[in-house]
Novice: 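Below is the structure I would like to discuss, written out as structure tokens.
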Amino acid sequence: MPMRLYNTLTRRLEEFRPADATRITFYSCGPTVYDDAHIGNFRSFLAADLLRRWLESPLCELANETPEQRRHREQHGRRVVHVMNITDVGHMTDDAEGGEHGEDRMAVAGRRLAEAKKAGTIPAGVEINPNDPYQIARFYETRFREDARRLGLKLALEADRDPTLMPRATQSVAGMIALVDRLLRTRAADGEPYAYVAGTPGARVVYFRVQSFGPYGRLSGNTLDRLREGEGGRVVAEHQQQKKHPADFLLWKEDPRHIMKWESPWGWGYPGWHIECSVMSAARLRARSAGEGSIVPLTPEELARLTLPDGEPVIDLHSGGEDNIFPHHECEIAQSCCAFNERPHEGSYAGMWFHPRFLLVEGEKMSKSKGNFFTARDLFAKGIEPAALRLELIKTHYRSNANFTMQGLADAQRTVERWRRAAVEDTARGGPRAAEARAAFADALHDDLNIAGAIAAINSLVGSGEPDAGLIAQADTVLGVLALERPQASQTSIGVFIGVEHDARVVALLEARRDARAAKDFKRSDQIRDELAGMGYAIKDMAGGKVEVRRA
RNA sequence: GGCCGGGUGCCAGAGUGGACAAAUGGAGCGGAUUGCAAAUCCGCUGCCGCAAGGCUUCGUGGGUUCGAAUCCCACCCCGGCCUCCA
């Protein structure tokens, strides 16, 4: 059974057919770095990570691989070149009028950091100037990459070796200018260029002309006629009148007073929200030199010349949260196809569009005001293991709204522990049960990434009493749970402390409890256990007389 | 209003025309083990029945079919988008 995925573009389950079945190009819309990433962000990034790990697996069949490619894959797996951007260009808090008003998010973050600095809540050793947007962006980027590494986001680990896999928007502005320029120079079928400059010097705006791209709306279903209908109640602001069509979107905004700005043929200003992804994806995933070593991205000049025959996709696979479908990905398709394809109307920029749905928390939309808003760091600080959080965030099918709960997190923790035990037993390596489980695991993942089915296959094997360490390890290269860091354990002669500092007071209580138990004073020993529970510790008697201590 | 994804047992979550009273975890119950816990292992866990078997379930109401959780229609609910958002 070859790999099938739900393609947002066609609204159908499709066989995934990358241009080259041995080397898949994958672009994921990454985080903005004016705050810490929350678990909803990570659910989306982890869904993309799971997909890329599965595509790399020797078990993952593709519909269009040749027999030789198949043999090679079964031995060595498959290569996925995965790129994810870091959006460090600040965007506006108030988009109601096209993103040209409101306050820059980077400035908001700066204020927040300035307050944190004053309050002394910024971690020791971090020097940061809250007035410098680049420092703010680096601060949050560093934290994002730490969290991502802990959660086993493969890309974050690779990017340590090859930083170009996680490009920063601010380092690609020259490419964006080149692409905007190209769209201004290239004529559409109606003889007019794809983009135009509106406004007067000092306040110029470059817009993409949506009417130049017939398939605009194909991804989201928001076609131009429907958008026009829905537009009735909207206030038509001054700048809307400069547009040739109300849905025309920003490519460049001249604003010499802006907090982050660059020089361009249209004055000092900043790029539109969508252009960065077109540039960063094409520059890296279309780089000639993207072989086994590091990627050398295309230069702006090369990007300005990159031309693909007909409507050939720029990349095989593109992911992003469901909120990105419109306008972000719709606009990326329009501008990328018009820039890079000989026949833009036949193009779709990516062959396959993958959109994980939002995460709910305890059945409700996550929001700071409801108090159900969590960052990964918050949870780690509470003693949640990365492995448990990763499993909890990936265990629901990407196309339904997962419900994150504390109960679910506890379930995930237990599952992780059960798998860990099974992964060191090896009572029946290569037995028929393992073969059955391997097939069930692969069938499930081939079928639109049915993670629950895959987990069930592993659970059945583990529960069968004939676990196979080899298969569990192979499955874990996809699930990415067991390889994650485990909580630090330290030992004394009486206690094994897991994920907690060992504490002389606790050790003394454990010793007193041991003595009480030896004297069969169980009343006293239970009292001590309660006392420890009151201090926030959960204890477990282990074989051999030691006591395991964890955070309750 | 338009477009899109979902709604399954106490919970999480598979299943998309017959092998389904419905995978897999968790929780619950009973048992083994333990001073008691925890962990682990075994059994049960819609209703009736010792059993064979029967009866009622998969958002709601209709329909198609020999047969529907699965297909069609309408409605309700949750989530997303319609120029911030994963």
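Scope of the values below: all heavy atoms of this structure, side chains included, with no hydrogens, waters or symmetry mates.
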Novice: In this structure, how many angstroms lie between the P atom of B:rG5 and the CZ atom of A:Arg43, rounded?
Specialist: 16 Å
Novice: Taking A:Ile498's backbone N and O only, do any of them form a donor-acceptor pair with A:Arg486's side chain (distance below 3.5 Å, no angle check)?
Specialist: no
Novice: Who is the Watson-Crick or G-U wobble partner of B:rA38, with both distances under 3.5 Å?
Specialist: none
Novice: Could you tell me whether A:His397 contacts a base, only the sugar-phosphate backbone, or nothing, with contacts defined as non-hydrogen atoms closer than 4.0 Å?
Specialist: sugar-phosphate
Novice: Please state whether the base of B:rG5 and the side chain of A:Asn401 form at least one donor-acceptor pair under 3.5 Å?
Specialist: yes
Novice: Check every strand shown and say whether A:Thr405 touches a base, only sugar-phosphate, or nothing at a heavy-atom separation below 4.0 Å.
Specialist: nothing
Novice: Look at A:Asp35 together with A:Arg112 and state whether they make a salt bridge at an N to O cut-off of under 4.0 Å.
Specialist: yes
Novice: Among residues 443-462 of chain A, which ones have heavy-atom contacts with RNA chain B below 4.0 Å?
Specialist: A:Asn450, A:Ala452, A:Ala456, A:Asn459, A:Ser460
Novice: For A:Phe358 and B:rC78, give me the distance from atom CZ to atom P, rounded to whole Å.
Specialist: 17 Å
Novice: With respect to the side chain of A:Ser525, which nucleotide from B:rG5, B:rG35, B:rU83 is positioned closest?
Specialist: B:rG35
Novice: Closest to the A:Tyr6 side chain: B:rC78, B:rA86, B:rC4?
Specialist: B:rC4
Novice: Does OP1 or OP2 of B:rA86 have a side-chain N or O of A:Asn41 closer than 4.0 Å?
Specialist: yes
Novice: Provide, to the nearest angstrom, the distance between the CG atom belonging to A:Leu224 and the C1' atom belonging to B:rC82.
Specialist: 12 Å
Novice: Partner of B:rA69 by Watson-Crick or G-U wobble geometry, both contacts under 3.5 Å, or none?
Specialist: none
Novice: Do A:Asn7 and A:Glu14 have side-chain N/O donor and acceptor atoms under 3.5 Å apart?
Specialist: yes
Novice: Let me know the distance between CG of A:Leu219 and P of B:rG5, rounded to the nearest Å.
Specialist: 12 Å
Novice: Only pairs with both distances under 3.5 Å count, Watson-Crick or wobble alike; so what is the partner of B:rC44 in this structure?
Specialist: B:rG28
Novice: Please report the distance, rounded to the nearest Å, between CD in A:Gln407 and P in B:rG13.
Specialist: 12 Å
Novice: Donor-acceptor pair under 3.5 Å: do we get one between A:Asn403's side chain and the base of B:rC78?
Specialist: no
Novice: How are the rings of A:Tyr207 and A:Tyr196 set to each other: parallel, tilted or perpendicular (split at 30° and 60°)?
Specialist: tilted
Novice: Report yes or no: is the cationic atom of A:Arg399 (NZ for Lys, CZ for Arg) closer than 6.0 Å to the six-membered ring centre of A:Tyr6, at no more than 45° off its axis?
Specialist: yes
Novice: Please give the distance between the C1' atoms of B:rG15 and B:rA21 as a whole number of Å.
Specialist: 13 Å
Novice: Taking CZ from A:Arg550 and C1' from B:rA38, how many angstroms apart are they, rounded to a whole number?
Specialist: 11 Å
Novice: Under a 4.0 Å threshold between the charged nitrogen and the carboxylate oxygen, would A:Arg150 count as salt-bridged to A:Glu146?
Specialist: no
Novice: Please determine whether a side-chain nitrogen of the Lys or Arg among A:Asp526 and A:Arg529 lies less than 4.0 Å from a carboxylate oxygen of the Asp or Glu.
Specialist: yes
Novice: Ignoring backbone atoms, test whether A:Thr396 places a side-chain nitrogen or oxygen under 4.0 Å from the OP1 or OP2 oxygen of B:rG13.
Specialist: yes
Novice: Take atom C1' in B:rU65 and the same atom in B:rG18, then report the distance between them in whole Å.
Specialist: 12 Å
Novice: Pick base, sugar-phosphate or nothing for A:Phe42, based on heavy-atom distances below 4.0 Å to the nucleic acid.
Specialist: nothing
Novice: What about A:Asp526: does its side chain form a donor-acceptor pair under 3.5 Å with the base of B:rG35?
Specialist: yes
Novice: Hey, is the side chain of A:Lys243 poking within less than 4.0 Å of OP1 or OP2 on B:rU83, counting only N and O atoms?
Specialist: no
Novice: Once you apply a heavy-atom cut-off of 4.0 Å, does A:Arg529 come out as touching a base, just sugar-phosphate, or nothing?
Specialist: base
Novice: By nearest nucleotide on RNA chain B, pick out whichever of A:Lys540 and A:Arg11 is the more 5' one.
Specialist: A:Arg11
Novice: Determine the Euclidean distance between corresponding C1' atoms of B:rG17 and B:rC71; express it in Å to zero decimal places.
Specialist: 7 Å
Novice: Measuring from the side chain of A:Arg418 (C-beta onward, heavy atoms only), which nucleotide among B:rG25, B:rA86, B:rA12 has the closest atom?
Specialist: B:rG25
Novice: With a 4.0 Å cut-off on heavy atoms, is A:Arg399 in touch with a base, just the backbone sugar-phosphate, or nothing at all?
Specialist: sugar-phosphate
Novice: What distance, rounded to whole Å, do you find between the two P atoms, one in B:rC10 and one in B:rG46?
Specialist: 10 Å
Novice: What orientation do A:Trp353 and A:His355 show, parallel under 30°, tilted 30 to 60°, or perpendicular over 60°?
Specialist: parallel
Novice: Both distances below 3.5 Å, Watson-Crick or wobble geometry, any strand: find the nucleotide opposite B:rC3.
Specialist: B:rG80
Novice: Considering only atom C1', compute the distance from B:rU70 to B:rA51 and round it to an integer number of Å.
Specialist: 32 Å
Novice: For A:Asp49, is there an ion pair with A:Arg53 - N to carboxylate O distance below 4.0 angstrom?
Specialist: yes
Novice: Considering only atom C1', compute the distance from B:rA23 to B:rU16 and round it to an integer number of Å.
Specialist: 14 Å
Novice: Could you identify the nucleotide paired to B:rU56, looking across every strand shown and requiring Watson-Crick or G-U wobble geometry with both distances under 3.5 Å?
Specialist: none
Novice: Which nucleotide, if any, forms a Watson-Crick or G-U wobble pair with B:rA22, using both distances under 3.5 Å?
Specialist: none
Novice: What distance, rounded to whole Å, do you find between the two P atoms, one in B:rC11 and one in B:rC20?
Specialist: 23 Å
Novice: Using a heavy-atom cut-off of under 4.0 Å over every strand shown, decide if A:Gly40 touches base, sugar-phosphate, or nothing.
Specialist: base
Novice: Under 3.5 Å, is there a donor on one side chain and an acceptor on the other for A:Gln527 and A:Glu531?
Specialist: no
Novice: Can you measure A:Asp530 atom CG to B:rC36 atom C1' for me and round it to whole angstrom units?
Specialist: 11 Å
Novice: P atom, B:rA14 versus B:rG63: distance in rounded Å?
Specialist: 31 Å
Novice: Which part of the nucleic acid does A:Asp248 contact within heavy-atom distance under 4.0 Å: base, sugar-phosphate only, or nothing?
Specialist: base
Novice: Hey, which of these two, A:Met366 or A:Asp541, hits RNA chain B nearer its 5' end, going by closest nucleotide?
Specialist: A:Asp541
Novice: Measure CD/A:Glu332 against C1'/B:rU83 and give the value in whole Å, please.
Specialist: 14 Å
Novice: Could you please spell out the steps behind the salt bridge (Lys or Arg N to Asp or Glu O under 4.0 Å) verdict for A:Asp147 and A:Arg377?
Specialist: CA-CA 7 Å; A:Asp147 294 346; A:Arg377 308 179 82 85; 3.1 Å; yes
